[in-house]
Amino acid sequence: MNFYLRNVKSFNDILQQETFTKNDLIRLLKAEGEDRQSLFKAAEQRKAEVVGNKVYYRGLVEFSNICSKDCLYCGIRKSNKNVFRYEAEDKEILDACGFAWRNRFGSVVLQSGEISSPAFVDRVDRLLKGIKELSRGELGITLSCGEQSRETYMRWRESGAHRFLLRIESSNHDLYKKIHPNNDHHSFEKRLEALQLLKECDYQVGTGVMIGLPFQTMENLAEDLLFFKKVDVDMVGMGPFIEHEDTPLYEHRNGLMSKQDRFDLALRMVATLRLLAPDINIAAATALQAIDPAGREKALKIGANVIMPNLTPCEYRKEYQLYEDKPCLDEDAELCRNCLEARIEMAGSEIAYGEWGDSPHYFKRKKATES
Ligand code: 5AD
Ligand code: FES
């Protein structure tokens, strides 16, 4: 064997490692053919060994699309005048959560645009208490309501939320700036600070990125994966970027990878992350389903273990289009549940009814800080 061959790691050598350099990650993210199959197989095995084969449900209620921000990629950005703005009534939200509880979903996610008015903060607080009451404390609650003050995060935590999703969108400062307006209301530093605050307020913290953004490189994505590790998050949700006609990033649509390539890359991101951070929860993002009808199930097979069936009242769904082709626009909750169940079973996973499905990583992290 010549010197060169002896010093280059084989793809399978990388798969056996427990720690990964940026270059290792790039090789995993670029895997094709047999290598791609080996990556998926390794991630599937790692998932079974570390977090098991269960899939956890989080019933998703997109309770308001009113947003104070203007992210350049997002269909519900403040400046998009083609969206009818709604706020679901408390009763509608609690009914959706009641459905989740009766059907033993385990947890719900309350998601909205980013608003920080005192009235909004009070409303979420009231909803949290209402959900705990209607479910006799049984439903786990995740919030996804953007950047807020420490006081607000604390208050919501005390009222029953125990997980929070706040995607970093891209961990690369320059790329973050390219996909957000250049002002104080869209600051990368504040986003980082908010993630830190969430950890300090004792949430299970989830973050994530979009995959296939304009200007994004493979190196950026490998760095995103290392960022998740560095910030020591408990959960990750990431999916393909999908251009939306009413947003400024739409003008870059011709420079994007094909949707299929973005989808494939998103699957490789999920599988690679399962190897890099085996004990976290990884969501099978809804955006995957916008490209491939079986997209989320494919992600579950190769590393993801959380799925978020949409429980938003049907009349509001078409107004919560963050991206084009968002699925399940007119299915009601019952239908969604039936169709999901069949597909998850097809993908060979078991649904964990009535379990919170907390991230094992969170408990390890807590133990490490306590000792
Ligand atoms: N394509 C894909 N994902 C998007 N999101 C927002 N806009 C888009 C888009 N055009 C994602 C963001 C946000 C999450 C709620 O939805 O990552 O954090
Ligand atoms: Fe609403 Fe980005 S457009 S948070």
Legend entry - Non-neighbouring partners of R155 that pass side chain to side chain contact (heavy atoms under 4.5 Å, CB included), sequence neighbours left out: V121, D122, D125
Inset, instruction - Search all heavy atoms of Y323 against all heavy atoms of A290 and return the closest pair with its distance. - result: CE1-CB, 4.0 Å
Legend entry - Pairs flagged by side chain to side chain donor-acceptor pair (under 3.5 Å) wherever residues 244-253 is involved - sequence neighbours left out: N82-D246
Legend entry - Spacing of OH belonging to Y153 relative to SG belonging to C201, to within rounding of 0.5 Å: 8.5 Å
Contacts under 3.5 angstrom, residues 29-37 side chains, donor-acceptor by atom type, not counting sequence neighbours:
none

Legend entry - Salt bridge K301-E44, side-chain N to carboxylate O under 4.0 Å: yes
Legend entry - Nearest non-hydrogen partners of L267 and G295, listed with the distance: CD2-O, 4.5 Å
Legend entry - Test side-chain hydrogen bond (donor to acceptor under 3.5 Å, both in side chains) applied to N183 - qualifying residues, sequence neighbours left out: H186
Which atom pairs, one a donor and one an acceptor, fall under 3.5 Å between side chains of residues 18-25 and the rest of the protein, sequence neighbours left out?
from: T21; atom 1: OG1; to: N23; atom 2: N; distance (Å): 3.4
from: T21; atom 1: OG1; to: D24; atom 2: N; distance (Å): 3.0
from: T21; atom 1: OG1; to: D24; atom 2: OD1; distance (Å): 3.4
from: T21; atom 1: OG1; to: D24; atom 2: OD2; distance (Å): 3.2
from: K22; atom 1: NZ; to: E219; atom 2: OE2; distance (Å): 2.8
from: K22; atom 1: NZ; to: E223; atom 2: OE2; distance (Å): 2.6
from: D24; atom 1: OD1; to: K9; atom 2: NZ; distance (Å): 2.8
from: D24; atom 1: OD2; to: K9; atom 2: NZ; distance (Å): 3.3
from: D24; atom 1: OD2; to: Q17; atom 2: NE2; distance (Å): 2.9
from: D24; atom 1: OD2; to: T21; atom 2: N; distance (Å): 2.9

Legend entry - With Q45 via side-chain hydrogen bond (donor to acceptor under 3.5 Å, both in side chains) - residues at least two apart: none
Inset, instruction - Start with the C-alpha distance between E92 and E87, add both sets of side-chain angles, then the distance that settles side-chain contact (heavy atoms from CB on, under 4.5 Å), and finish with yes or no. - result: CA-CA 10 Å; E92 293 172 311; E87 265 189 278; over 6 Å; no
Legend entry - R157 vs E200, salt bridge (Lys or Arg N to Asp or Glu O under 4.0 Å): CA-CA, chis, key distance, verdict: CA-CA 11 Å; R157 179 78 182 87; E200 286 167 22; over 6 Å; no
Legend entry - Polar contact flag, side-chain donor to acceptor under 3.5 angstrom, S107-R163: yes
Legend entry - Residues R191, E169: salt bridge by 4.0 Å N-O rule: yes
Legend entry - Distance (rounded to the nearest 0.5 Å) between D95 CG and L311 CG: 11.5 Å
Inset, instruction - Answer yes or no: is there an ion pair linking K366 with D202, defined by an N-O contact shorter than 4.0 Å? - result: yes
Inset, instruction - Considering non-hydrogen atoms only, spot the tightest contact between V55 and S349 and give its length. - result: CG2-CB, 3.3 Å
With a cut-off of 3.5 Å and sequence neighbours excluded, list every side-chain donor-acceptor pair involving residues 208-216.
from: Q216; atom 1: OE1; to: G212; atom 2: N; distance (Å): 2.6
from: Q216; atom 1: OE1; to: L213; atom 2: N; distance (Å): 2.9
from: Q216; atom 1: NE2; to: M210; atom 2: O; distance (Å): 3.0

Legend entry - Exercise: identify the closest heavy-atom pair between L128 and S159: CB-O, 3.5 Å
Inset, instruction - Would you give the length of the straight line joining atom OH of Y203 to atom CG of L166, rounded to the nearest 0.5 angstrom? - result: 11.5 Å
Inset, instruction - Check for a donor-acceptor pair, side chain of R58 on one end and backbone N or O of P309 on the other, with a separation under 3.5 Å. - result: no
Inset, instruction - With sequence neighbours left out, write down each residue that passes side chain to side chain contact (heavy atoms under 4.5 Å, CB included) with K190, or none if nothing qualifies. - result: E147, D184, S187
Inset, instruction - Pick out which of H185, R77, K78 makes a side-chain hydrogen bond (donor to acceptor under 3.5 Å, both in side chains) with S68. - result: H185
Legend entry - Between S170 and N172, a side-chain donor and acceptor under 3.5 Å: no
Inset, instruction - For S144 and Q111, test the side chains for any donor-to-acceptor distance below 3.5 angstrom and give the result as yes or no. - result: yes
Legend entry - CD1 on I351 to CD on E355, rounded to 0.5 Å: 12.0 Å
Legend entry - Straight-line distance of S359 OG to N281 CG, nearest 0.5 Å: 5.0 Å
Legend entry - Distance-only donor-acceptor check, side chains D232 and Y362, under 3.5 Å: no
Legend entry - Which atom of A299 lies closest to which atom of V270, heavy atoms considered: O-CG1, 4.1 Å
Inset, instruction - Return yes when atom CE of M154 has more than 12 non-hydrogen atoms of other residues, nucleotides or ligands closer than 6.0 Å, and no otherwise. - result: no
Legend entry - Within 6.0 angstrom of E133 CD, more than 12 heavy atoms from elsewhere: no
Inset, instruction - If you link ILVMFWY side chains whenever their heavy atoms are less than 4.5 Å apart, which other residues fall into the same cluster as V83? By chain and number, please. - result: none
Inset, instruction - Nearest 0.5 Å please: distance from the CG atom of D264 over to the NZ atom of K298. - result: 8.5 Å
Inset, instruction - Check step by step if salt bridge (Lys or Arg N to Asp or Glu O under 4.0 Å) holds for E243 and R262. - result: CA-CA 12 Å; E243 62 276 23; R262 278 175 258 164; 2.9 Å; yes
Side-chain donor-acceptor contacts of residues 272-280 below 3.5 Å, not counting sequence neighbours, with atom names and distances?
from: T272; atom 1: OG1; to: R268; atom 2: O; distance (Å): 2.7
from: R274; atom 1: NE; to: G303; atom 2: O; distance (Å): 2.8
from: R274; atom 1: NH1; to: P278; atom 2: O; distance (Å): 2.7
from: R274; atom 1: NH1; to: I280; atom 2: O; distance (Å): 2.8
from: R274; atom 1: NH2; to: I280; atom 2: O; distance (Å): 3.3
from: R274; atom 1: NH2; to: G303; atom 2: O; distance (Å): 2.8
from: R274; atom 1: NH2; to: N305; atom 2: OD1; distance (Å): 3.4
from: D279; atom 1: OD1; to: H361; atom 2: ND1; distance (Å): 3.0
from: D279; atom 1: OD2; to: H361; atom 2: ND1; distance (Å): 3.2
from: D279; atom 1: OD2; to: K364; atom 2: NZ; distance (Å): 2.9

Legend entry - Residue pairs, two or more places apart or on separate chains, that pass ring pair (Phe, Tyr, Trp, His ring centres under 6.0 Å) and touch residues 64-95: Y73-H180, Y86-Y316
Inset, instruction - Output, in order, the C-alpha distance, side-chain angles, deciding distance and verdict of side chain to side chain donor-acceptor pair (under 3.5 Å) for Q16 and N12. - result: CA-CA 7 Å; Q16 303 306 317; N12 283 322; 5.6 Å; no
Legend entry - Closest non-hydrogen atom pair between N80 and G75, with its separation: ND2-O, 2.8 Å
Legend entry - Residues forming a side chain to side chain contact (heavy atoms under 4.5 Å, CB included) with K132, sequence neighbours excluded: I141, W356
Inset, instruction - Please test D325 against K259 for salt bridge (Lys or Arg N to Asp or Glu O under 4.0 Å), starting from the C-alpha separation and ending with a verdict. - result: CA-CA 12 Å; D325 302 324; K259 280 194 182 160; 3.4 Å; yes
